[in-house]
Amino acid sequence: NTKCHERYTYNNSYNKKNSIWQLNDDYNARRNGCHLKVPFCKTMFTPKCNCVKLNMENIDLPSLSQLVPDEMHALKQINIINCNLKQLPKRMEKLTSMFTFDVSYNNLSEFDIDILKWGYLTDLNLKFNKISQHNEKAIWNHPYLQKIWVNNNIGFRLSGKNKVHLPYLNYLNIANNSMLLPKKFGLTEFPMLKHLFAGGNDLKDGLPQNFETLNNQLEELDISRCHIKKLGASYFSKFSETLKLLDARNNNISDVDASF
């Protein structure tokens with residue numbers, strides 16, 4: 001057996017049909033554990049933990065071994081879901097082949113990884129954590145990100161000190177963070193955004209200056225429970241025929257354009 005980290009070890013049996021190694025949990029092997037897909041193994045006959053996909057769900061894993069970024073350089077996808085994860089190892093930037101990173105439903109308080117060094121990253125899922133500190137410059141200026149989930153992180157903030165520009169972002173979920181949006185949050189910042197879920201935040205002082213520039217391309221918009229008191233009389237009429245979902249419930253809106 002090749003040691004992967006303190007608690008998990010490889011099962012040496014390789015399943016060619018499914019092209020995976022089974023990584024067994026010492027104390028509950030049959031019930032939990034994770035799967036590591038190895039479709040392209042450059043060192044097949046060398047005992048090296050260098051796989052392309054790491055899945056862990058529903059186990060107790062407060063910290064991830066430093067061996068992951070230091071040894072598993074081929075990783076393209078990480079899914080660590082509902083594992084009580086509180087801390088990520090250092091030097092995660094070394095995983096430069098990453099295209100999907102999901103650490104949802106954990107207990108992370110910060111996310112300081114410079115994901116600009118993950119040049120292939122398309123999906124970033126940090127939802128349902130406790131993140132109050134993150135690398136704003138990296139996350140909100142990534143050139144290839146297409147989907148971001150940072151919802152349900154009470155304390156999550158956008159300081160406004162760094163510009164926002166995500167040219168390929170299609171889906172953004174920032175709901176239930178009780179956060180203020182930056183003054184500029186529109187088409188210039190998100191030229192391809194079609195799905196925006198921003199409910200459960202603080203917009204009592206009004207929408208960002210250029211927010212309505214998104215209306216012509218949005219297919220889904222959630223601004224429910226945002227303490228909105230007033231929208232421009234023509235705001236709703238500026239949506240195009242592509243709009244499929246609009247959720248503005250539980251606000252205090254009194255003026256809606258009749259043409260909507």
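The structure presented is a predicted model; accordingly, all values stated were derived computationally and were not measured. Note: hydrogens, waters and symmetry copies are ignored here, and every other heavy atom, side chains too, is used.
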(request) Please test Q217 against S240 for side-chain hydrogen bond (donor to acceptor under 3.5 Å, both in side chains), starting from the C-alpha separation and ending with a verdict. (result) CA-CA 7 Å; Q217 67 182 29; S240 70; over 6 Å; no
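- A donor-acceptor pair is defined here as one N or O able to donate and one able to accept, closer than 3.5 Å; such a pair exists between the side chain of N129 and the backbone of L108.
- Residue K204 holds its NZ atom at 11.0 Å from SG of C226, rounded to the nearest 0.5 Å.
- The residue from L61, N58, D60 that alone fulfils the side chain to side chain contact (heavy atoms under 4.5 Å, CB included) condition with C83 is L61.
- I148 and F128 are members of different hydrophobic clusters when ILVMFWY side chains are connected at heavy-atom separations under 4.5 Å.
- When hydrophobic clusters are built by joining Ile, Leu, Val, Met, Phe, Trp and Tyr residues whose side-chain heavy atoms come closer than 4.5 Å, directly or via intermediates, Y120 is not grouped with L166.
- By the side chain to side chain contact (heavy atoms under 4.5 Å, CB included) test, K130 pairs with N107, sequence neighbours left out.
- Residue-environment remark: NZ (K94) exceeds the threshold of 12 foreign heavy atoms within 6.0 Å.
- A side-chain donor-acceptor contact under 3.5 Å links N141 to the backbone of K163.
- The aromatic rings of F111 and F101 lie tilted to each other, with the angle between the two planes from 30° to 60°.
- The number of heavy-atom neighbours closer than 6.0 Å to CD of E110, taken from other residues, nucleotides and ligands shown, is above 12.
- Under a 3.5 Å cut-off, the side chain of N106 and the backbone N or O of N84 do form a donor-acceptor pair.
- Contact detail for L158 and W140: the closest heavy-atom pair is CD2-NE1, 3.1 Å.
- Put simply, I81 and M98 are part of two different groups of oily side chains (I, L, V, M, F, W, Y) that touch within less than 4.5 Å, one to the next.
- N151 approaches N173 most closely through the heavy-atom pair CB-OD1, 3.1 Å.
- Between Y105 and I80, every side-chain heavy-atom pair lies at or beyond the 4.5 Å cut-off.
- Two residues are said to be in side-chain contact when any heavy atoms from C-beta on lie closer than 4.5 Å; L218 and L196 meet this criterion.
- Under the 3.5 Å distance criterion, the side-chain polar atoms of T242 are left unmatched by any main-chain donor or acceptor of E219.
- Take S254 and apply the side chain to side chain contact (heavy atoms under 4.5 Å, CB included) test, not counting sequence neighbours, and it matches no residue.
- Connection of V68 to W118 is established within a shared hydrophobic cluster, with ILVMFWY side chains joined at heavy-atom distances below 4.5 Å, either directly or through further cluster members.
- Hydrophobic clustering places I253 together with L246 (ILVMFWY residues linked when any side-chain heavy atoms are closer than 4.5 Å, directly or through intermediates).
- In the model, H165 has no side-chain atom that pairs as donor or acceptor with a side-chain atom of E189 under 3.5 Å.
- Within the 4.5 Å cutoff, the side chain of K53 has no heavy atoms near those of the K76 side chain.
- Side-chain polar atoms of Q77 and D102 form no donor-acceptor pair below 3.5 angstrom.
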(request) Just do the side chain to side chain contact (heavy atoms under 4.5 Å, CB included) check on L207 and I228 with the steps written out, would you? (result) CA-CA 8 Å; L207 298 174; I228 298 174; 4.3 Å; yes
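- Residue L245 shares its hydrophobic cluster (ILVMFWY side chains chained together at separations under 4.5 Å) with W149, Y171, F197.
- Residues R225 and N176 have side chains that bring a donor and an acceptor to within less than 3.5 angstrom of each other.
- Q133 and D112 share a donor-acceptor pair across their side chains, judged by distance under 3.5 Å alone.
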